[in-house]
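One structure is given here, and the rest of the page talks about it.
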There are 2 protein chains.
Amino acid sequence: MSRAADHAYAEIRSLILSGDAPPGAPLTEEQMADLCGVSRTPVRDALRRLEVELYVVRSDSQRLFVADWSREDVDEMFTLRGMLEAHAAARAARRFDAIALDALRDCNAAIERAVGEATPDIAGFLDANRIFHRIIVETAQSPRLAATLATLVEQPVVRRTALHYGREQLAQSAQEHRELITAFEAHDADWAHGVMSAHIRRAFHAFASHVATRASAV
Amino acid sequence: MSRAADHAYAEIRSLILSGDAPPGAPLTEEQMADLCGVSRTPVRDALRRLEVELYVVRSDSQRLFVADWSREDVDEMFTLRGMLEAHAAARAARRFDAIALDALRDCNAAIERAVGEATPDIAGFLDANRIFHRIIVETAQSPRLAATLATLVEQPVVRRTALHYGREQLAQSAQEHRELITAFEAHDADWAHGVMSAHIRRAFHAFASHVATRASAV
DNA sequence: AGCGACGTTATTGTATACAAATAGCTTGCG
DNA sequence: CGCAAGCTATTTGTATACAATAACGTCGCT
């Protein structure tokens, strides 16, 4: 895509993900333009994209703010993601060939490596995990499904979730990935559907209990 | 929203829906700007929105074209819509109150009226049908779900589908709507889920058989 | 002191000019 | 005659200036 608009998108997105622009913070086009060193035009494009992806929300009079997710919002997102990604897994199970399976196994090996180290490499886990899920969605060969899943803001929530994973949760996740691979090897759509559905639900529970812990600690 | 951008959006959208801009036709910003009597800036916004809603597709070098749906694409859209809207119906079943139910019954009365006439009022049916489904999605109280469903391009395909409905298909649709209302009155989420799922699948089959008929006729 | 109208200021919407990139054609070479 | 390289024209990307609109604070009135 375009150079400046992409740069602005990445810049603003990382601003949000890093927490420098906390939920509820106003985002004016001019500030963002100054920050990114480009004019308002590409910034507008970037903000539109971030709006579609629900990183930012628009007030009734067109002002933009960093999105704030309530507990219900997160619940919703994980529910939708679980539904759609389980469907993707089922479709993918019927379509996996040797090449895609190899890629998936490689990716899983990277995940196990990241988790297996003395101090788990969370960033490495996240990257490999994202690729793992992406391979499955791509294998499902359903552009609309892929697009819908992509706009479901997985990233922000997923990151915040796994950032607080303990060793046993990482191991559990890896275990589920292994079972998914087995289901794919067997081309068993129902099996893959069930495992993926449980996989996402477990991630949500890990997130929810983490939030509950923090809430009670405060 | 903004005046000019909204106008451009509506104009280009109707251009696509009417068929004046057939699938595959290139849409240049300048032509659209001339057509709508505004500058390229609001046209860009409008085209971005239409792109998200899959009315237009972007080539690898940023040129935009009217989207063309293959048989698989339509299959995909109906599958996703069925999954999501059945979920919405289940959620809505737990949340329907007297007021929303009344609105739904009123809407259904309008549908029956449109279908019951000597010559079925397809346009009236479509409008009322859209409201019927909208009430359900709104009652589900899930903004993300609503947004996801909205971007699933229901309208173009739905319109083209029902335009060729025969009297018995319209009656069948109305029958399913009545059953949905009964399920909602009983707050039976599973029932609502099943009926809605079947309802969408039936719409898809009607569409698919229509296409098959036309294809064999040609 | 509370409340409302007004003016100021900040922010977004739109238009236009220009730069960059891309596709398509033309021309020259093998 | 086919193909490739380069040029031209078309199209999109970006910057900037200006217009419209909405938020906010101020001043005056009751």
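Values reported hereafter were calculated over all heavy atoms of this structure, with side chains retained and with hydrogens, waters and symmetry mates removed. Here is how names work: the chains are called A, B, and so on, in the same order as the sequence lines, proteins then strands, and each is numbered from 1.
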Who are the side-chain contact (heavy atoms from CB on, under 4.5 Å) partners of A/His193, not counting sequence neighbours?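 Partners of A/His193 under the side-chain contact (heavy atoms from CB on, under 4.5 Å) test: A/Ala86, A/Ala90.
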Specify the separation, in whole Å, of atom [atom1] of [X] and atom [atom2] of [N].
X: B/Leu64; N: C/dA21; atom1: CG; atom2: P; answer: 19 Å
X: B/His7; N: C/dT14; atom1: NE2; atom2: P; answer: 12 Å
X: B/Arg58; N: C/dA21; atom1: CZ; atom2: P; answer: 16 Å
X: A/Arg3; N: C/dA21; atom1: CZ; atom2: C1'; answer: 11 Å
X: A/Asp45; N: C/dT12; atom1: CG; atom2: P; answer: 15 Å
X: B/Asp60; N: C/dA21; atom1: CG; atom2: P; answer: 16 Å
X: B/Arg49; N: C/dG13; atom1: CZ; atom2: P; answer: 12 Å
X: B/Asp6; N: D/dT21; atom1: CG; atom2: P; answer: 14 Å

By side-chain hydrogen bond (donor to acceptor under 3.5 Å, both in side chains), B/Gln31 pairs with (sequence neighbours left out) none
Among D/dC18, C/dA23, D/dA23, which nucleotide has an atom closest to any side-chain atom of A/Ser61? D/dA23
Return the nearest nucleotide to the side chain of A/Arg40; candidates are C/dG13, D/dT14, C/dA15. C/dG13
Within the structure, does a side-chain N or O atom of A/Arg44 lie under 4.0 Å from either OP1 or OP2 of C/dG13? yes
Residue closer to the 5' end of DNA chain D, A/Ser39 versus A/Ser59 (nearest nucleotide): A/Ser39
side-chain contact (heavy atoms from CB on, under 4.5 Å) with B/Leu84: which of B/Leu149, B/Ile200, B/Thr79?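 So the option named by the test is B/Leu149.
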Residues forming a ring pair (Phe, Tyr, Trp, His ring centres under 6.0 Å) with [X], sequence neighbours excluded:
X: A/Phe78; value: A/Phe204
X: B/Phe96; value: B/Phe184
X: B/Phe125; value: none

For nucleotides 4-11 of chain D, tabulate all protein N/O to nucleotide N/O atom pairs closer than 3.5 Å, reporting atom names and distance.
unit_1	atom_1	unit_2	atom_2	d
D/dT11	O4'	B/Arg63	NH2	3.4

One pair to check against salt bridge (Lys or Arg N to Asp or Glu O under 4.0 Å): A/Asp6 and A/Arg49. What are the steps and the verdict? CA-CA 10 Å; A/Asp6 272 351; A/Arg49 280 170 62 188; 3.0 Å; yes
Categorize B/Thr41 for me: base, sugar-phosphate, or nothing, with a 4.0 angstrom heavy-atom threshold over every strand shown. base
